[in-house]
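Reviewing the structure listed below.
Side chains are part of it too, since the values below use all heavy atoms of this structure and drop only hydrogens, waters and symmetry mates.
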Amino acid sequence: MDFVTTLVSSAYQFGDAFAFLVLSACGLAVIFGMMGVINLAHGEFIMCGAYMTVFAVNWGLPLPLAIIVGSLFAGLVGMVIERLVVRRLYSRPLDSILATWGVSLIASQGTLILFGPTMRGVGTPLGSFMVGSLSFSYYRLVLMATAIAVLLLLYLVFNKTRFGVLARATIQAPHMASALGVDTNRIYTLTFGIGAALAGLTGGIYAPTMTMIPTMGTTFIMEAFVTVVVGGADVFIGTAPAAVLLAVVKASLTSWQGQLAGQIGLLLAVIITIRLLPKGVTGFILKGRV
Amino acid sequence: MTLSRIFKRLEGPQTMGKGPLFWTAFAVVLAIALAYPLFADGYDVGNNIYFLNWTFMALGLSIIWGYGGSLSFGQTAFFGVAGYSYGILTINFGTAYGLGVVAVLMAIAIAALFAAILGYFLFFGRISGIFLGIVTLSVTLALERFMAQTAGPQWTVGSARLNGFNGMSGMPPLTLPWFGGDIVLYPDIGLYYLVLGLLVIIYLGLRILVNSKFGNVLVAVRENPERAEMLGYDIRKYQLGGFVIGAALAGLSGALYTSWGQYITPSSMGITSAALPIIWVAVGGRSDITATLIGTLIVLSGFQALTIYGSQYALVVMGLLLVCTVLLAPKGLVANAGILLGSLFNRKNGSA
Amino acid sequence: MTETMLDIKGLRAGYGGKPVLQGVDLTVSRGEIVAVIGRNGVGKSTLMKTLIGLVESMAGTITFGSTELTGLTSFRRARLGIGYVPQGRDVFPRMSVKENLQVGESMRERVSPDVYERIYELFPILRERAGQQAGTMSGGQQQQLAIGRVLVGSPQLLLLDEPSEGIQPSIVQDIGRIIRKLNQDSGMTIMFVEQNLDMIRALAQRCYVMDKGRIVAHVTPHELDDRDTIRKYLAV
Amino acid sequence: MAMLETHNLNKHFGGLHVTADVSFTLEAGKIHCLIGPNGAGKSTFFRLLLGEHQPSSGKIMFDGVDITRLKPFQRINQGMSVKFQVPGIFSALSVRQNLEIALQRRLEGAELDAEVERLLDFLQLKDVASQLAGNLSHGLKQWLEIGMAISLKPKLLLLDEPTAGMSPEETHMTGEIVKQLNAEGMTVLAVEHDMAFVRQVAHRVSVLHFGRIFAEGTFAEIVADERVAAIYLGQSHD
Amino acid sequence: MTSRWLQAGTLACAFAVSGAAFAADPIKIGVLEDQSGDFAAATIGKVHAIELAAEEINEAGGIAGRPIELVVYDTQSDNNRYQEFMRRVLQRDKVDVVFAGFSSASREAYRPIVNQFDGLAFYNNQYEGGVCDANMIVTGAVPEQQFSTLIPWMMEKYGNKVYTIAADYNFGQISAEWVRNIVKENGGEMVGEEFIPLGVSQFSQTIQNIQNAKPAFVVTLLVGAAQASYYEQAASANLGLPMASSVNVGQGYEHKRFTPPSLGDMYVTTNYIEEVDTPASKAFLEKFHAKYPNEPYVNQEAANSYIAMNLYKQMVERANSTKRDDLRKVIAEGDVCFDGPSGNVCLDPKSQHMSHTIYLAHVNKDHSIDFPKVWDNIKPYWLGDEGCDLTQSDPDAQYTPSNPPTKQ
């Protein structure tokens with residue numbers, strides 16, 4: 001293999017791992033970082049987005065539009081669940097783990113009952129390109145671009161929009177925000193909705209590359225948790241660097257020693273992180289700050 | 001007088017139920033449990049051993065989570081570690097001459113050691129609250145994934161093959177050394193009495209533990225870690241202690257389970273398995289071992305019945321039950337019922 | 001000038017079932033500047049928090065204009081036109097000064113664009129530091145930000161909880177001057193909790209004296225020139 | 001002899017300097033009160049002493065030992081004890097158990113039982129001994145916490161606003177308890193702003209203002225100091 | 001449908017059809033299959049096939065005049081449930097025989113319990129082979145049947161450089177071992193071998209490794225829904241290599257679930273799929289669809305389960321007993337055969353495994369299927385050759401090529 005091919009191939013593998021980590025984790029990270037809730041139904045929101053995307057394609061929508069529909073639908077479901085369940089548990093974060101686990105059981109088995117054990121997927125669009133002797137999928141590039149776009153979009157939403165300002169204010173001092181006229185409940189609902197919609201987006205965008213089954217979300221779960229653990233509470237200064245770090249670990253170990261090494265590398269990263277940086281990358285970056 | 005002193009140590013504000021009424025009920029339940037094999041068929045006895053096996057893990061979770069305030073999502077990791085340890089030991093050395101009992105004890109010790117190492121990182125790294133839950137879950141999933149790939153022939157310990165996802169089997173059942181030959185404990189009456197005996201001992205032992213100085217501090221750490229620290233307690237050590245005890249109990253469940261079914265797999269540590277103990281304990285009532293014990297047995301038999309009669313709706317009903325419990329009975333169904341019962345009883349007494 | 005803006009009757013409130021306020025009665029008219037004074041721990045801050053809705057009241061009524069406030073969540077009260085500047089400022093530490101100010105917009109449906117100009121005129125430091133993280137500013141700057149933030153929502157009634165706390169005297173005087181100006185220029189009604197005599201004398205038209213969760217006296221600032229009165233109602 | 005000394009203790013959060021160069025000496029056997037207006041840095045100073053905050057710079061000596069880098073529980077085991085402003089008790093445990101948890105640090109068996117009874121008597125908590133601590137009235141919670149703090153038989157007792165939320169009678173009673181403990185040999189440092197209490201107990205008073213020790217002396221000296229009155233009431237001192 | 005309804009329905013049918021003739025005690029058959037959870041897609045059809053066979057047999061007068069009563073439990077793809085319910089059917093329901101299990105893990109979970117109670121279980125799944133246990137009868141195809149046919153054929157057609165990607169667990173490891181050995185025996189070369197942890201769904205690196213190794217074809221031994229994502233990803237990266245498999249299509253009907261052409265040019269050896277174009281197969285499919293019109297696909301496991309029911313009927317009728325030892329005496333005669341949807345099959349007395357007609361299914365670009373080759377009567381020879389002889393001794397063990405029985 002010539003140098004260019006090696007370079008392109010390494011970058012492609014890194015980007016692929018990065019995209020998967022970011023997209024797996026971002027919904028979970030928003031909900032955990034902004035609200036302190038561990039959403040164990042995260043995988044089911046991913047599945048929900050994927051299923052909705054496939055339905056939308058089957059109704060004749062073009063794929064990009066279908067993915068958006070899937071994402072919005074997951075976000076909507078998220079908001080409903082926040083209203084019905086999660087809202088009552090903000091003072092009891094451990095119980096919210098249980099409740100969201102319950103939701104996840106209902107969702108995955110409910111999907112099985114309603115739509116059967118499997119569903120025909122949609123094909124992966126866009127074809128492939130060659131570099132040297134290797135061929136690559138264009139769609140994987142779309143995934144990478146989406147991961148970066150999601151981070152960028154999140155940054156813009158939480159830093160440049162009115163909603164973002166209010167959301168951050170609510171997270172930092174909920175009582176004060178409320179005393180300044182912020183409807184904090186609405187902020188919580190919307191934030192949870194955004195987290196769920198991001199999970200739905202992940203599901204929708206990976207739907208063409210995966211098998212559609214009710215438990216499909218679980219393949220994202222480990223990566224999502226690992227990224228959030230390593231990243232800590234903040235999406236921007238935590239999740240994104242953690243995903244870079246883990247993508248390097250995963251991609252290099254995978255290409256060197258195979259998939260298992262990549263997986264084990266991720267877990268070692270977690271163990272090392274909790275010892276060295278108990279609050280994740282976020283804690284490290286915020287150290288010494290207010 | 002000595003009897004009353006024993007009872008005094010068994011009772012305290014950390015456990016629901018006290019006084020003659022409670023202990024009479026306890027004795028009645030115990031008597032029924034002891035007589036049970038006389039009028040139940042073999043299947044029910046075997047099935048109940050299976051249920052009782054799990055209660056140790058639940059009680060352990062109650063100690064670390066309910067009493068100590070630290071949610072461990074990793075109980076099944078210790079369950080699995082002990083199960084595999086038991087398998088490896090007994091496949092290599094057999095269970096005759098009391099080696100089976102030694103294997104159980106060593107399996108528990110290995111699980112406890114693993115918990116001690118992991119717990120050291122966690123508690124001395126000051127990881128607490130919800131983050132502790134994620135980290136312990138991640139470790140559990142890691143262990144599951146690691147064990148699932150040990151299918152190859154290189155993964156053997158002595159003559160025991162770890163056997164990957166398919167799980168390890170072929171370990172002999174537990175035997176007790178006895179005069180005139182070992183007693184082989186298949187899942188029938190013998191094992192039933194052994195497990196029941198262990199449960200009674202551990203239940204009473206935990207009652208003493210949680211009402212002891214150690215238990216007091218454990219609850220103190222849950223209630224107000226800052227105050228506990230400002231009384232000079234190194235709270236990390238107590239959290240670690242509770243974690244290790246919880247892990248050892250999970251280990252006992254793991255070893256017994258493995259000997260019961262002569263089988264252990266990585267999926268015993270998967271995310272579903274990892275969540276189950278939390279559900280049992282939460283539904284029953286986590287901060288009381290009696291509530292945990294009753295709750296665990298109710299949930300286990302309830303879920304099994306649901307699976308038998310509810311077919312595919314079982315999982316949906318389980319999910320609903322969980323959500324409703326969390327929302328409507330935050331202390332747990334059994335604990336809330338107990339509190340209700342207690343207040344009714346008190347009111348009656350008061351008005352009389 | 002006798003239109004009642006705030007009417008509190010028999011207000012009881014506290015934490016965890018234990019009342020700190022033991023039946024507070026007090027009125028504030030439109031356009032007034034009223035001080036609530038008293039020693040530490042007599043319930044002054046609790047009163048302010050109960051007014052904005054951060055502490056739930058157990059009994060009594062709070063009437064704002066013609067609206068009964070008890071039972072409303074705090075963001076609804078803020079949107080009715082009550083601005084609250086808490087003790088200890090409570091700025092959002094990991095947000096910029098500008099973003100802190102923007103949160104105040106939630107009090108209004110629509111905020112006129114020149115409101116920021118007005119606030120920057122009152123507190124030039126906020127313009128200078130608009131991009132700085134609020135948590136890294138000094139106490140006095142944070143206090144100015146906290147007041148500026150609530151002014152974005154143009155409240156009719158401004159509640160200030162110990163605006164002088166932990167702030168250098170020169171800035172205390174500045175803040176006092178600005179508050180008076182707000183009252184004179186736009187007729188903003190102001191109620192504040194204070195122990196700082198300079199601030200009380202400079203601002204207050206009337207003073208309620210609080211002790212043990214009740215209003216125990218009603219004095220004018222002039223009466224506070226008297227040493228014995230001070231000793232009686234305030235610390236030291 | 002100095003029980004507690006701080007040398008140039010500094011703490012800042014971001015741009016906010018909470019304590020600045022606090023050098024402070026507490027003589028053994030005294031009751032020393034620390035006063036100052038809200039926001040003067042009293043509670044931060046207190047947390048620095050306890051080890052809940054790490055100082056940005058400076059040194060803390062306790063009974064001849066440098067404790068600057070010790071963890072909170074290690075400082076307690078060196079012989080200090082603390083009562084917080086908001087009562088730090090174990091709500092789900094009985095009053096008796098609260099005391100037992102504290103006392104089991106140094107006693108056991110019959111001795112422990114006897115000491116529990118003595119403390120319940122001393123703190124007038126006998127009637128509520130078996131109630132859950134969370135159900136006590138505010139004042140009784142405060143006393144219970146004082147009881148837990150003194151259970152350790154500390155050389156130095158740190159009190160953070162021990163009379164917050166107490167009635168004058170309760171405040172007076174608390175003062176008497178503190179004086180009695182001092183008479184038994186306990187050194188006491190109290191952050192307090194109830195002047196009646198300070199007058200009642202203090203051998204010495206330090207005034208903290210803008211994170212610095214502004215003045216120090218006997219109660220009478222401090223009260224007479226016009227500058228102190230000025231900062232307390234915010235009067236410009238010209 | 002719940003298990004109770006199923007039982008009731010079956011019983012009702014049985015009684016309606018033959019009335020008084022069925023005064024005899026029913027023969028109880030336990031059915032433990034995953035009707036929910038991860039494996040449900042491939043196993044619901046098995047339950048249906050068993051119900052179909054039971055209905056047919058009952059209509060024709062039952063087994064030796066006794067009606068079949070099914071006791072069905074949903075094992076939820078959960079090993080613990082297999083343990084619970086195996087105990088239940090054997091101890092509580094006292095069934096005569098159990099048809100149980102999809103994954104090898106579930107089989108290993110229940111096998112000790114079957115041994116404990118000395119029951120008899122049919123495992124109707126294609127698997128990694130090697131179970132030598134007198135309490136088990138295996139009707140699924142095993143590696144020697146699938147690979148000794150598939151690999152040489154592929155090497156002849158495409159070349160002798162082979163790359164294997166396999167699920168990183170027992171099935172994958174053992175199957176890969178078979179592939180490796182057969183490739184070597186036939187003078188080929190393994191240019192790569194990669195094991196994928198279960199649950200992994202991302203294959204970019206693997207696809208590149210394959211491109212770098214330049215094999216003639218890829219042997220895909222992937223298992224589970226997550227790993228099935230490989231085909232879509234490989235197609236989208238335009239890998240374009242022929243694939244050989246023992247597990248796909250026949251079990252998970254991936255060619256029906258994925259968008260063409262992601263499975264194009266895949267070759268699978270299977271003992272049955274619904275496309276098999278024989279009169280027996282067509283008749284079976286017709287009956288199946290008549291009873292279950294909404295069945296998405298009739299896979300090899302469904303056919304094997306159907307065959308197993310008929311084999312059991314034959315054994316019981318010949319032994320005139322449902323006792324395990326009597327049945328095994330019949331098997332020992334060596335002529336327990338059945339002419340079913342997949343052709344003629346016979347039970348091998350030594351291993352209690354079944355011979356098969358092996359069809360080479362080729363998936364076209366449009367995901368239609370053709371059969372370039374059919375091998376008749378391929379025997380499950382390996383266990384017997386290596387020294388497993390259940391007519392002589394019962395080791396209750398599972399062997400692998402790297403861990404064979406110790407020869408006497």
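For Arg186(A), the CZ atom is loosely surrounded, since the number of other residues' heavy atoms within 6.0 Å does not exceed 12. In the displayed structure, Phe123(B) atom CZ is contacted under 6.0 Å by more than 12 heavy atoms of other residues, nucleotides or ligands.
Between chain A and the options Val317(B), Thr325(B), Leu141(B), Leu320(B), heavy-atom pairs under 4.5 Å are most frequent for Leu320(B). Ranked by non-hydrogen atom pairs under 4.5 Å with chain B, the options Asp95(A), Val37(A), Val103(A) are led by Asp95(A).
In this structure, chain B has a heavy atom under 4.5 Å from the side chain of Leu89(A), while its backbone stays farther away. Looking at Ile38(A), the atoms closer than 4.5 Å to chain B (heavy atoms on both sides) sit in the backbone and in the side chain alike. With a 4.5 Å cut-off on non-hydrogen atoms, Leu137(B) touches chain A through its side chain but not through its backbone.
Tested against Leu98(A), the residues Val326(B), Val281(B), Leu71(B) include a single side chain to side chain contact (heavy atoms under 4.5 Å, CB included) partner, Val326(B).
Annotation: side chain of Phe73(B) is in contact with side chain of Leu40(A) (closest heavy-atom distance under 4.5 Å).
Contact detail for Leu327(B) and Leu84(A): the closest heavy-atom pair is CD1-O, 4.1 Å. In this structure, Ile113(A) and Val316(B) approach most closely via the heavy-atom pair CD1-CG2, 4.1 Å. The two residues Ala99(A) and Val323(B) have their closest heavy-atom pair at O-CG2, 3.6 Å.
The CH2 atom of Trp101(A) sits 6.5 Å away from the CD1 atom of Ile279(B) when rounded to the nearest 0.5 Å. Atoms CD1 and CD1, on Ile97(A) and Ile278(B) in that order, are 7.0 Å from each other to the nearest 0.5 Å.
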